[in-house]
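When reading the values below, keep in mind they use all heavy atoms of this one structure, side chains included, and skip hydrogens, waters and symmetry mates.
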Amino acid sequence: MYREDDYLSLSGIQHFAFCRRQWALIHIEQQWNENVRTIEGQIIHKRTHNFELKEKRPGLIVSRSMYVFSRTLGTSGICDVVEFHESDEGISLFSHKGLYIPVPIEYKRGRPKDNKADELQLCAQAMCLEEMMSCSIFEGYLFYDAVKRRSKIEFTDELRMETKKMFQEMHDYYRKEYTPKVKMTKSCNACSLINICQPKLDNKRDVSEYIDKRIGGD
């Protein structure tokens with residue numbers, strides 16, 4: 001169990017899964033830079049987090065910009081949308097009749113990614129909700145702005161374990177204040193922090209390594 005003072009940002013798991021160095025620059029070194037992708041993402045989330053947009057239909061309650069946390073993972077953050085679907089297998093909600101199952105929905109710019117970054121973030125949201133509400137959540141949805149439809153994500157044991165291990169690694173890096181080096185990839189060109197990160201410079205040998213090689217060999 002983590003203390004509240006040790007909670008890491010829930011959305012950070014997406015950065016960490018994409019690039020551990022990017023995560024460390026943002027969440028340890030507190031560095032940030034904007035590009036068109038980050039601005040488009042902010043616009044999408046601003047619409048999603050609009051508290052004036054309320055929706056309640058028979059058998060459905062929609063909560064926007066819902067704060068969640070987990071002492072087990074050591075994280076807290078905001079869910080874009082949590083839908084509560086009425087079900088005999090659900091849980092009771094204050095001031096609402098019936099039983100409901102929470103279903104997290106995360107909104108993203110662009111299209112589905114080749115990696116699991118978004119799935120891990122959504123799974124972390126579900127694990128927070130489960131811990132807070134003492135319930136079981138088996139699936140959630142990712143909504144991609146470019147395709148205008150939801151993708152269902154199942155919270156398998158493997159995805160849950162990967163989420164848990166990733167947060168353990170994030171806490172380890174954060175405790176050590178460690179910013180790892182990375183190899184340059186095509187993904188670097190899309191990163192808003194590329195000029196801060198300077199991955200090409202990180203791959204060069206340092207002065208002491210050069211001197212040791214010269215003295216020891218040539």
To the nearest 0.5 Å, what is the distance between CZ on Arg71 and OH on Tyr2? 14.5 Å

If the test is side chain to side chain donor-acceptor pair (under 3.5 Å), which one of Lys164, Glu131, Glu130 qualifies with Thr72? Glu131

With a 4.5 Å limit on heavy-atom distance, are the side chains of Ile105 and Asp80 in contact? no

Do Gln22 and Cys197 make a side-chain contact, defined as non-hydrogen atoms from C-beta onward lying under 4.5 Å apart? no

Indicate every side-chain donor-acceptor pair of residues 169-177 with a distance under 3.5 Å to a residue at least two apart or in another chain.
| residue | atom | partner | partner atom | Å |
| --- | --- | --- | --- | --- |
| Glu169 | OE1 | Arg20 | NH2 | 3.1 |
| Glu169 | OE2 | Arg20 | NE | 2.9 |
| Glu169 | OE2 | Tyr173 | OH | 3.3 |
| His171 | NE2 | Leu73 | O | 3.0 |
| His171 | NE2 | Gly74 | O | 3.0 |
| Asp172 | OD1 | Arg175 | NH2 | 2.8 |
| Asp172 | OD2 | Lys176 | NZ | 3.4 |

Tell me whether Leu99 shares a hydrophobic cluster with Met133, the cluster being built from Ile, Leu, Val, Met, Phe, Trp, Tyr side chains joined at under 4.5 Å. no

Run the numbers on Leu8 and His27 for side chain to side chain contact (heavy atoms under 4.5 Å, CB included), then give the verdict. CA-CA 8 Å; Leu8 299 177; His27 297 275; over 6 Å; no

Please answer whether the main-chain N or O of Pro180 pairs with a side-chain N or O of Arg21 as donor and acceptor at a distance below 3.5 Å. yes

Please give me the minimum heavy-atom distance between Lys97 and Glu86, naming the atom from each residue. O-OE2, 4.5 Å

Please report the shortest heavy-atom distance between Val68 and Met132, naming the atom on each side. CA-SD, 3.5 Å

In Å, rounded to the nearest 0.5 Å, how long is the span from NZ of Lys108 to CD of Gln14? 3.5 Å

Minimum heavy-atom distance Ser134-Ile91, with the two atoms named: O-CG2, 4.2 Å

What pairs with Lys113 under side chain to side chain donor-acceptor pair (under 3.5 Å), at least two apart in sequence or on another chain? Asp118

pair Glu106-Ile153: side-chain heavy atoms closer than 4.5 Å: no

Check this for me: Arg160, atom CZ, are more than 12 non-hydrogen atoms of other residues, nucleotides or ligands nearer than 6.0 Å? yes

Using the rule that Ile, Leu, Val, Met, Phe, Trp and Tyr join whenever any side-chain heavy atoms are under 4.5 Å apart, tell me whether Phe18 and Phe16 fall into a single cluster. no

Looking only at non-hydrogen atoms, find the nearest pair between Glu119 and Asn115 and report the distance. OE1-O, 3.6 Å

Hey, what do you get for OG (Ser151) to CZ (Phe143), rounding to the nearest 0.5 Å? 10.0 Å

Rounded to the nearest 0.5 Å, the CD1 atom of Ile13 sits from the CG atom of Leu122 at a distance of 11.0 Å

Rounded to the nearest 0.5 Å, what separates atom CZ in Phe167 from atom CE in Met127? 8.5 Å

Is the shortest heavy-atom distance from the side chain of Tyr100 to the side chain of Leu60 under 4.5 Å? no

Using side-chain heavy atoms (C-beta onward) and a distance below 4.5 Å, is Cys135 in contact with Ile137? yes

Counting only N and O atoms by type, is there a donor-acceptor contact under 3.5 Å from the side chain of Thr75 to the main-chain atoms of Leu10? yes

Expected output: side-chain Glu29 to main-chain Ile26 donor-acceptor under 3.5 Å: no

What one should report as the nearest heavy-atom pair of Phe155 and Cys123 is CE2-CA, 3.6 Å

Atom CD in Glu89, atom OG in Ser136: separation rounded to 0.5 Å? 9.5 Å

Closest heavy-atom contact between Ile101 and Gly90? CG1-CA, 3.7 Å

Report whether Tyr178 and Trp23 are members of the same hydrophobic cluster (ILVMFWY, side-chain heavy atoms less than 4.5 Å apart, transitive linking). yes

